[in-house]
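Below: one structure, written as structure tokens.
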Amino acid sequence: MYKLPKSGRLRRNKCFQAVYRSGKSYANRQIVLYVLPQHGRERRVGFAAGKRLGNAVVRNRVKRLLREAYRLQQHNLKNGFDLIIVGRQTLVNETLPAVSAALSHLCDRAKILSSKGGAV
RNA sequence: UGAGUACGAAAGAUGAUCGCGAAGGCCGCAGGGUCUUCGAGGAAAGUCCGAGCUCCACAGGGCAGGGUGCUGGUUAACGGCCAGCGAGGGCGACCUCAGGGAUAGUGCCGCAGAAAUGUAGACCGCCCGGCUAUGCCGGGUAAGGAUGGAACGGUGCGGUAAGAGCGCACCAGCAGUCAGGCGACUGACUGGCUAGGUAAACCCCACCUGGAGCAAGACCGAAUAGGGAAGAGAUGAGGUAGCCCGCCGAUCCUUCCGGGUAGCGUCGCUAGAGCCGGCAGGCAACUGCCGGCCGAGAUAAAUGAUCAUCACCGCGCAAGCGGGACAGAACUCGGCUUAUUGACUGCUCACCGA
RNA sequence: UGGGGAGUCGCCAAGCUGGUUAAGGCAUCGGACUCUGACUCCGACAUUCGAGGGUUCAAAUCCUUCCUCCCCAG
């Protein structure tokens, strides 16, 4: 239930470009969320951390935080979407609970939470 | 106690839960499931050097170009390291140095200054002589002044019209001989009395050096079309590094039109100039022998999150609270450089006490 | 990850190779012309060339170590 195998991840540059170009975006101070509907498919997700955030250690940490936050609440999300979650500058010094809260806030606004799960 | 200096080592430990990557075993036709083991660094960084490896010819010759530059050693190699020599800095422990050649040649040395390298040069002085005489002219003089970063060895005595290595002593420097040292070099003696700086300017000398890089390169599979048109060249197109040689070499190149630009592909991909311990050689860098160990292999790219306990540091009487830097493998090694935490050890100096 | 290039005034830049003056244009400020503005004319504007160290009498320039930015290769 909490697993996150490679098949649920966005892996190709093409897919990333498609989501960036055609998807809708939602943002708050910590996170930017891109959503592209893909009807009938398994939900896939990608994580990104831009060069502005800092050196390689900081960028890796941001991506791992985002992945952990997504992993722990993915069962509340609907299927049939490609998502990209991008970390922003204020995320660098945050801890996991704050990241989770920010992510669920965005998912609520994007209306991809499943009805039986509800907000965390 | 304070200040400093050198060197080595380390970069918290254990457990639980959830999750990720790889390898191997088992189950399954298969998607996959499950168990075990392993899973970031001293700098993984910067990419400043040197190698391995791959392709270009089994990488060859000459010129050009580039690099290094005290001596000896070390190494696969190096611009690294070790030991020494010389110069400079520090009271000292110790530190710094691209540190060959300026007597092979060429260039440059602004402004200032009379003059910037030629045995040249007289602005003020100094001395001698002449004159139309408180000045002017001619000559001598580089000791004094002035300029400059630098002015043709320095100090002293003699000498002289005034001066000058003109003569002498000492010092610096140069050349030669002898002695010591593998050598850089050091010491002694002799000689002629003097030769500016700059080679991180060109250069000379000695030594080294082919080019590209794992996006190298190899393989498998898919796709299209053995597409069309025009032009140049076989006393040889074209390729091979800048040129010449040499080599490869039968179809190749340029332009236009059209088509294609595709695979979460496989290998290369991790056992290596490897790590740890002991012994031996060496002042040391390092080397040899013996024994043991296997320690990441990803590809939008794994190595994470949460919690608990115990160490360590700081604050606090205590309960407790807070803290742990710099930073993330991408073919692999040897160095260098840069970033950075809190401790340990040796040595030096200053002060105080016994 | 590998390879290559560039940092000079607020902006665009010349000067670096071959060492002794930091050109020029735009912008800004002050003045003149005008009743006022524009145009035009005159004047001002870099103690230092991304940062540190070295060579030299002397460094934007030569050497070296860092920092920042840009480009190319799937």
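Below, chains carry the letters A, B, ... as their sequence lines are ordered, and counting in each starts from 1.
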Grab the CD-C1' distance between A:E68 and B:C307 for me, whole Å please.
13 Å
If you find the nucleotide of RNA chain B closest to A:K63 and the one closest to A:T95, which residue's nucleotide is nearer the 5' end?
A:K63
So what's B:G39 paired with, Watson-Crick or G-U wobble, going by both distances under 3.5 Å?
B:C20
Counting only side-chain nitrogens and oxygens, does A:R71 get under 4.0 Å of the OP1 or OP2 atom of B:U306?
no
Tell me: CG of A:L53 to C1' of B:A300, nearest whole Å?
15 Å
Donor-acceptor check, side chain of A:N55 to backbone of A:V58, threshold 3.5 angstrom: yes or no?
yes
Between atom CZ in A:R67 and atom P in B:C18, what is the gap in whole Å?
17 Å
Separation of atom CZ in A:F47 from atom P in B:C20, rounded to whole Å
12 Å
Produce the list of close N/O pairs, under 3.5 Å, pairing protein atoms with atoms of nucleotides 325-329 of chain B; give distances to one decimal.
| from | atom 1 | to | atom 2 | distance (Å) |
| --- | --- | --- | --- | --- |
| B:G328 | OP2 | A:A56 | N | 3.4 |
| B:G328 | OP2 | A:V57 | N | 3.4 |

Compare all side-chain heavy atoms of A:K78 with those of A:L113 and state whether any distance is below 4.5 angstrom.
no
Check each residue of residues 30-37 of chain A for a non-hydrogen atom within less than 4.0 Å of any atom in RNA chain B, then write out the ones that pass by number, or none.
none
Answer whether the closest heavy-atom distance between the side chains of A:I31 and A:R88 falls below 4.5 Å.
no
How many Å lie between CD on A:Q73 and P on B:G19, as a whole number?
16 Å
Give the rounded distance in Å between these two atoms: OH of A:Y70 and P of B:C18.
21 Å
Side chain A:R43, main chain A:L77, donor-acceptor under 3.5 Å:
yes
Taking the side chain from A:Q73 and the backbone from A:S100, do they hold a donor-acceptor pair closer than 3.5 Å?
yes
Whole angstrom is fine here: how far is it from CG in A:L65 over to P in B:C20?
17 Å
Please answer whether the main-chain N or O of A:R29 pairs with a side-chain N or O of A:T90 as donor and acceptor at a distance below 3.5 Å.
yes
Between A:G46 and A:P97, who's closer to the 5' end of RNA chain B by nearest nucleotide?
A:G46
Less than 4.5 Å apart, any side-chain heavy atom of A:Y70 and any of A:L83?
yes
